[in-house]
Amino acid sequence: MRETAMLEIRNLHVTVDDKPILRGLELEVHAGEVHAIMGPNGSGKSTLAHVLAGREGYVVTQGEVRYMGRDLLALAPEERAREGIFLAFQYPVEIPGVANIYLLKAALNAMRRHRGEAELDAVDFLALVKGKLRLMDMDETLLYRAVNEGFSGGEKKRNEILQMAVLEPRLAILDETDSGLDIDALKVVANGVNAMRGRERAMILVTHYQRLLDYIRPDRVHVLAQGRIALSGGPDLAQELERRGYAWVEAEARGQQAGAAGGQR
Amino acid sequence: MRVAPAEPCVPGFLSAYPALAPRLPGAAVPWLRRCRDEAMERFAALGLPTSRDEDWKYTSVAAIARRAFGVAAAVDLSDELHAMVSRHAMVGTHRMVFVDGHFVPGLSQAMPLPAGAWVGSLAQALDTRAVDAEAFFAAADEATDGFAALNAAFWSDGAWMDLAAGVALEVPVHLLFVTTRSDLAVFPRNLIRVGAGASATVIEHHVGPEGVAYLGDTVTRIVLGRGARVAHTKLQQEGRKGFHVAAVAAEQGQDSSFVSHAFAFGGQLARAAIATRLGAEGCDARLSGLYVGSGRQHIDHHTCIDHASPRGTSRELYKGVLDEAARAVFNGRVIVRPDAQRSDALQSNRNLLLSEDAEVDTKPQLEIWADDVKCAHGATVGQLDADQLHYLRARGIGEGDARALLIRAFAADALAGIEHGPLRVRLESLLPGALPEAA
Ligand SMILES: Nc1ncnc2c1ncn2[C@@H]1O[C@H](COP(=O)(O)OP(=O)(O)OP(=O)(O)O)[C@@H](O)[C@H]1O
Ligand SMILES: [Mg+2]
């Protein structure tokens, strides 16, 4: 018998500005697993990531999301983060006037307080961050700059993974962290992610490219189309998608929906 | 002792003057007495500003005009006063404390000053040595509104700083103006003359009691010689029911540098007019400010940068954070006179509104008469950025903390350019308490 899933999404319907984006999405992720979510532009991948992170403006009209056995949707974004959910943003936000290191420290200490642990002192914190910085092959000066301000596209993505490495989440959702990375940076990011794989941790990788999955081998690959998981498979599915594109999956999904709708009549 | 007119502001001051004038500092100095009398005549003619005055269009002083204010003729030293002074004291400064408009040596702290630096009470300077202040006064008293005229007539004391050529005053001078009681009007006046190549850092700091109304009407005049450098920081922490009207006017000599920081945190109605005239070639002026309002506070800044000579540079950045039903006015006047070729002026005013009821009137007022100039300005009014807020929350930072962090980040640039380290650190430590707590 399988243990209960870390993340369990049932019949999730989400609208943005009254426009239905997710329409009956189902997904189950267990501790220790890495899932890849692929799918055409605009199919709702980032929407799913944002809903899981608790962003305002995404209205759940139906369905439920359970995380560690709890109703995730009832939690504020900061509570989700403190419970171990981490979203690496597709478009990391620039925050002028807030030093990167300050954000890292405030975030880490918020987690630690939540877990009833003492806050790290400045020396231990710096040692921890410097270790992760090396892992990400990042320049120390980035710590003292304003969060993401003036960072290159690749630096922003690495910075997201640096935050993930420092915060050590239970469920990491990486939204196109590979987009815009050069080949060396992609390897660095992949190494950073692989270093964090473990039996207690689950990951969802949103990506358009097979390339990332050459470095981080997923347990499951899903295709999101028309607001639901249209197809799931093993790691080989990514290669097939690379060859054949999404049109066939979308056509099948449309067929299924039409069939389902017909069946209701 | 206290002269307390029962009548409202304008007639009250007019009728109080004849009895008070013989007891004001320098009463025995004929030219000074003449200055005061003339100022009183101007006040009689001008009255207090009204919304018909272009410079006071968005700031009504009706609440001041309605009230009766008294003038403190002496100081009561209380325990609370000592506590207040020690709370606002800054270590490592030459401190002069003025209580209800009067210099109190016992609360002040003198530091060794270099030869050629005179820093003391203006009243004492006039009474004890024949300072050559007449020209200085005459120029300072081109009172353009009723508040300036009132100050010129009633001023009771303030700092007189006179630095000879080449004197570098390393120790900041902290001028702490404390008002202690309700219904008082205080009229500080500071005259600061910095000789060629000399430099000084001055902190003009206004504090007062919470919960009661009083009026502070201050004039500070700064004259910079050739190549002189002055950093002036005005820190306004009046009580939340206090009225504060202040003018800072600098006159810059060739190649001089004037750095002004204005922090406005208190007062129910606070108005600061900060002006500098780049009166000779190659001057540099940097004006920055931060105003923070909540409740029903009204905070007005009128700045004027007058490029009157060629090759002057000015940089101006004012920021505002307004919560609840606070209202702010920013009017940034920049004049580039016909001769002031190759002037370079940048102005920016940015406002953060934290509530629907908060409001700001921001207006650049550029008067460019020369053609070979670089001049740019911008004003923004916005809310906290929802994406930034979400990003911080998605990293586990609570909503309140995230808002406070973003507000602080917004306000922090106002401290940039404060070169004196301990002063900057002190102001940084004041910021969290001065900024609105997160909702
Ligand atoms: N605020 C909004 N108002 C209206 N439509 C929106 C809004 N935000 C997102 N959408 C729409 O929702 C759909 C899904 O967007 P989403 O960002 O989830 O796609 P995605 O699968 O991540 O695409 P990509 O691969 O390009 O990143 C898109 O059609 C998008 O235009
Ligand atoms: Mg996306």
Side-chain angles (χ1 to χ4, degrees), chain A residues 49-58 75-100 102-115 119 146-149 156 159-160 162-164 166-173 175, chain B residues 263 288-290 292 317-321 348-352 354 378 380-418 424-425 427-432 434-439:
Chain A
H50 285 312
V51 168
L52 295 178
R55 191 190 183 96
E56 270 175 35
Y58 293 77
L75 301 180
E78 57 269 34
E79 293 170 323
R80 300 181 194 198
R82 292 171 196 165
E83 287 292 333
I85 290 186
F86 179 92
L87 168 62
F89 284 63
Q90 182 174 4
Y91 303 107
V93 178
E94 300 194 4
I95 312 184
V98 175
N100 212 17
Y102 186 92
L103 167 60
L104 283 170
K105 191 164 183 214
L108 181 63
N109 282 332
M111 311 276 163
R112 293 181 66 96
R113 275 197 304 276
H114 180 71
R115 296 194 295 249
E119 297 189 5
V147 175
N148 293 321
E149 192 185 31
K156 283 182 184 171
N159 200 35
E160 294 291 287
L162 172 71
Q163 292 176 10
M164 176 177 90
V166 169
L167 298 178
E168 301 187 319
R170 195 154 24 205
L171 173 63
I173 305 151
D175 191 357
Chain B
F263 296 92
S288 76
L290 173 66
V292 178
L317 171 62
Y318 266 72
K319 287 194 152 186
V321 178
S348 158
N349 173 230
R350 296 182 55 201
N351 296 279
L352 181 58
L354 300 174
T380 61
V381 179
Q383 284 88 41
L384 283 179
D385 184 298
D387 289 337
Q388 294 177 349
L389 203 55
H390 175 70
Y391 189 78
L392 293 173
R393 294 178 73 188
R395 296 297 176 253
I397 299 171
E399 185 177 8
D401 289 343
R403 286 172 61 91
L405 185 57
L406 292 178
I407 295 168
R408 271 213 296 284
F410 174 84
D413 319 346
L415 296 171
I418 295 184
R424 195 177 54 244
V425 169
L427 286 163
E428 272 165 10
S429 73
L430 282 180
L431 268 194
L435 293 169
E437 275 307 302

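Letters A, B, ... mirror the listed sequences (proteins, then strands); counts begin at 1. Below, each value reflects all heavy atoms present in this structure, side chains not excepted, and no hydrogens, waters or symmetry copies.
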Next item on the list: Check for a donor-acceptor pair, side chain of B/Q388 on one end and backbone N or O of A/V93 on the other, with a separation under 3.5 Å.
Entry: no
Note to self: Take a 6.0 Å sphere around CD of A/E56 and say whether it holds more than 12 heavy atoms from other residues, nucleotides or ligands.
What the structure shows: no
Note to self: Let's test your reading of the structure: which of B/D413, B/I397, B/L392 forms the most heavy-atom pairs below 4.5 Å with chain A?
What the structure shows: B/I397
Checklist line | Side chain / backbone / both / neither for A/Y102 at chain B, heavy atoms under 4.5 Å | finding: side chain
Notebook entry, point to check: Side chain, backbone, both or neither: which part of B/A394 has a non-hydrogen atom closer than 4.5 Å to chain A?
Noted result: both
Next item on the list: Answer yes when A/E79 and B/R393 have at least one side-chain N-carboxylate O distance shorter than 4.0 Å, and no when they do not.
Entry: no
Checklist line | Which atoms of A/E94 approach chain B - backbone, side chain, both or neither, heavy atom under 4.5 Å | finding: backbone
Note to self: Just verifying a value: how many Å separate A/L87 CG and B/Y391 OH, rounded to the nearest 0.5 Å?
What the structure shows: 9.0 Å
Next item on the list: Can you see which heavy atom on A/A110 is nearest to which on B/G396, and at what distance?
Entry: CB-O, 3.2 Å
Margin query: Just verifying a value: how many Å separate B/R395 CZ and A/R82 CZ, rounded to the nearest 0.5 Å?
Written below: 14.0 Å
Next item on the list: Sort A/N148 into side chain, backbone, both or neither according to what part of it lies under 4.5 angstrom from a heavy atom of chain B.
Entry: side chain
Next item on the list: Identify which part of A/R55 has an atom lying under 4.5 Å from any heavy atom of chain B, answering side chain, backbone, both or neither.
Entry: both
Checklist line | Residue, of A/L108, A/L104, A/V98, A/V147, that accumulates the most heavy atom pairs under 4.5 Å with chain B | finding: A/V98
Margin query: Between A/A81, A/A107, A/G97, A/P77, who has the most heavy-atom pairs with chain B when the cutoff is under 4.5 Å?
Written below: A/P77
Checklist line | A/I95, part contacting chain B, at a heavy-atom distance under 4.5 Å | finding: both
